[in-house]
Every structure is written in C-alpha cells, then in structure tokens.
Amino acid sequence: MSDPKTSKNILLLGFVSLLNDISSEIIQPILPLFISSLGGGGMAVGLIGGVSDGLPSILKVLAGHISDRLGRRKPLVVAGYALSAVGKLFLPAASSWLQVFLLKTLERSGKGVRSAPRDAMISESTPEKTRGRGFGLHRAMDSTGAVIGSILAYLLWQGGMSYSSIFLVAGVLSVMALFPFYRVKESFASPKCEVSLKLSAISPELRRFLAIASLFALGNFSYMFFVLRAQALFSGALAVAAPLLLYALFNLVYAALAMPVGIWSDRVGRKKVLALGYAVFALTALGFALVTSLAGLIALFALYGLVYALVDGSERAFVSDLSSAALRGSSLGIYYGFTGVAAIVSSLVAGALWSWWGAEATFLFGAGAAALAAVGLLWGMKKAKAEAMP
C-alpha cells in the first residue's frame with residue numbers, strides 16, 4: 001500500500017543505499033587484491049566470497065519473517081546498516097585473510113538483516129503497476145554509489161593510501177549512511193500478525209521461481225573472480241589500476257541501466273527480462289573464460305553490468321509480484337535464503353575449480369548454470385498471473 005510520502009521514502013532509502021554503496025564499493029574492488037597480498041589464493045577468495053555473501057542470506061529469511069510478524073520494517077533495516085558499519089570500521093585492523101573472512105562475514109550479516117525488510121518497504125512504497133520502476137530507481141541510486149565508490153577506490157590508491165587507510169575511509173562513510181533514516185517513514189499497513197515461514201505458505205509459482213533463481217545463483221559466483229581474472233592479464237601497477245577501473249565500468253553500466261530496465265520490466269513482464277539477463281550472463285561468463293585482451297575485458301565488464309541491471313532488481317520485483325502483502329517480507333527472506341545457500345556453494349565450487357583447473361573452468365561452470373536457468377525460466381515455469389500484460 002502506498003501513501004503521499006512513498007516517493008520520498010524511495011528517494012531516502014535510495015540515498016541511504018547510495019552512501020552505503022560508496023562505502024562498500026571502495027572496499028569491494030580492493031578486497032580480492034588485499035586477500036591476495038595476505039597470502040590468500042583462489043580457495044580463500046571462494047571461501048570469503050561465498051560465505052560472506054551466502055551465509056548472511058539465511059539471516060534474510062529470519063529478518064523478513066520477523067518484520068512481517070512485528071508489522072514494522074524500519075528497526076531491522078536500521079540495525080542491518082549499523083551492523084555493516086561496525087564490520088567495515090574494524091576491517092582496517094585485519095592482518096590475515098582469516099580475519100578478513102570474519103569481518104567481511106560480520107559486515108555482510110548486516111545486509112542479511114536489512115535486505116528483505118528494506119525491499120518490502122520499497123514494494124509497499126510503490127503501486128503494483130510501477131513496482132519495477134520503484135525497484136529500478138533504488139537500484140540505480142545504489143549502483144550510482146557503487147560507481148562513485150569504485151572510482152574513489154582507484155583515486156585513493158593512486159594517491160598513495162594503503163589498503164587499510166582506504167578501508168578506514170569506507171568505514172566512516174558507512175556511518176554517515178545512517179543519518180537519512182531520521183526521515184524514513186514506515187509504510188507497512190498491516191498490524192502485528194501470525195504468519196508462516198513454511199514453503200507451503202507461498203504460491204506454487206513462487207516456489208518454482210525460487211528453484212530457478214537458485215540455479216542461476218549457483219552459476220553467479222562472487223564478483224571477486226571477475227576482478228582476479230582481469231588482474232591476471234596485467235602486470236606492474238596496471239595489475240591493480242586496470243581491475244579497479246574495469247570494476248568502475250561495471251558499476252557505471254549497472255547504474256545507467258537499472259531504472260530503464262525496471263520500467264521495461266513493468267511493461268513486458270519480469271520473466272522475459274530475467275530470461276534475457278540469465279542468457280547474457282551465460283555469454284559473459286563464456287567470454288571471461290576465453291578473453292585475452294583489454295578490449296575484450298572492457299566489453300565483458302560492460303556486459304556484466306548489463307546482467308546486474310537486468311537481473312538484480314527484476315528478481316526482487318518478481319518475488320514481490322508473486323507474494324501476498326502479508327507474506328511479502330517472509331517471501332523475500334525465503335528468496336534470499338535459497339539464493340544465499342546457492343551462493344555459498346557457487347563460490348566454493350568456483351574457488352575449487354579455479355585452484356584445480358584454472359580460471360577457464362570456473363567461468364565455464366558459471367555459463368552452464370546460467371544457461372540452464374534461462375531455459376528453465378522460459379520453459380519450466382507457468383506464466384504467473386502477476387506477470388499478465390496490462
């Protein structure tokens with residue numbers, strides 16, 4: 001349900017995400033390089049990428065469910081962003097990749113607490129017919145922060161700052177991201193209620209989509225493998241500079257296309273947009289397995305940004321479309337839980353393949369899983385009534 005303040009809510013939540021993503025994306029492109037400098041190899045990157053992204057997704061199940069039962073979203077959203085800020089503030093003190101693993105898991109646990117309630121707030125702050133636009137606007141602001149953050153990471157590194165000093169800057173910015181919450185309003189119209197967390201409580205269409213989204217997540221391993229793949233093609237100072245700038249390109253494309261794609265998904269249906277996104281990821285991963293030049297990397301990182309524009313917001317909007325209002329937080333939480341477990345397996349498998357058979361095997365694995373997900377979405381799922389064209 002929406003009210004006169006909903007558009008303001010979307011903008012404020014987007015501004016929080018923008019500031020937080022500036023902070024996060026200062027860290028993200030540098031993190032795999034930092035792990036490597038501490039002696040961590042492909043398995044360490046896979047462990048940190050998989051567990052720090054996947055394990056907190058289990059928290060999203062509980063957080064979404066709790067927000068439905070409480071009839072309130074905002075306290076959990078604020079607590080999640082605050083927990084992430086704590087993890088970032090301590091990251092500069094890490095002196096081993098195991099400490100990075102623990103602190104990164106803590107930081108991402110904050111995302112686990114906030115994501116499902118926040119996405120439910122976004123859904124409830126927009127009319128159903130423009131839900132894709134609302135999610136697209138939020139993702140556009142979020143990814144704009146990612147562009148700014150990744151460029152800042154490059155500039156701070158070029159300015160001679162150490163990895164730890166750069167992480168400290170990111171920690172301070174993450175604290176600043178909490179201030180806009182003072183003006184965010186609750187938009188959940190339901191009172192406290194007893195709701196079920198059982199899979200049987202959600203629609204068959206949503207259960208089917210959860211299986212397909214999890215298959216895609218199995219192939220969509222951590223971004224850190226893409227950064228390391230780029231680093232392997234350079235030497236000297238370019239081994240750091242080139243991956244940072246390519247990662248900024250990824251975020252720039254994602255930011256530019258997130259809202260137009262959200263609007264497009266309102267018009268043509270989520271399933272078509274997601275099938276295209278899964279297929280483009282399969283081609284992109286195949287390209288990363290074969291790439292040997294800077295021109296190839298530029299094209300592939302741009303396609304990687306397109307994939308996230310097509311998939312990230314559209315999956316969340318589709319889950320919202322397929323869930324009832326009373327179970328929306330729980331449904332989003334279950335979605336995050338399923339895809340989070342798949343993400344743990346994905347990055348661990350990707351790390352093992354990288355260590356045993358090289359980068360090419362990792363990206364071929366990703367391409368195969370994404371291609372199967374695209375086929376499954378088009379042919380294995382009935383057309384949901386929520387996707388009916390206007």
* **Path from Leu283 to Leu274 over hydrophobic side-chain contacts below 4.5 Å** => no
* To do: Using the test salt bridge (charged side-chain N to carboxylate O under 4.0 Å, His left out), find all partners of Arg108 that sit at least two apart in sequence or belong to another chain.
  => Asp53
* Donor-acceptor side-chain pairing of Glu315 and Tyr335 below 3.5 angstrom -> yes
Throw together a table of side-chain donor-acceptor distances under 3.5 angstrom for residues 345-354, partners on residues two or more places apart or in other chains.
unit_1, atom_1, unit_2, atom_2, d
Ser346, OG, Leu218, O, 2.6
Ser346, OG, Phe221, N, 3.4
Ser347, OG, Ser222, N, 3.2

* Do Tyr336 and Asp119 have side-chain atoms, one donor and one acceptor, less than 3.5 Å apart? -> yes
* Hey, does the Lys NZ or Arg CZ of Arg114 hover above the aromatic six-ring of Tyr81, less than 6.0 Å from the centre and inside 45° of the axis? -> yes
* Determine whether more than 12 heavy atoms belonging to other residues, nucleotides or ligands lie under 6.0 Å from atom CZ of Phe181. => yes
* Phe15 atom CZ, neighbour heavy-atom count above 12 within 6.0 Å -> no
* Decide, yes or no, whether a salt bridge links Lys104 with Glu107 under the criterion of side-chain N to carboxylate O below 4.0 Å. => yes
* Asked: Is there a chain of hydrophobic side chains (I, L, V, M, F, W, Y, each step under 4.5 Å between heavy atoms) that links Leu245 to Val227?
  -> yes
* To do: Taking the side chain as every heavy atom from C-beta outward, state whether Val253 and Phe301 have any atom pair closer than 4.5 Å.
  => no
* **Polar side chain donor-acceptor pair, Ser84 to Lys111, under 3.5 angstrom** => no
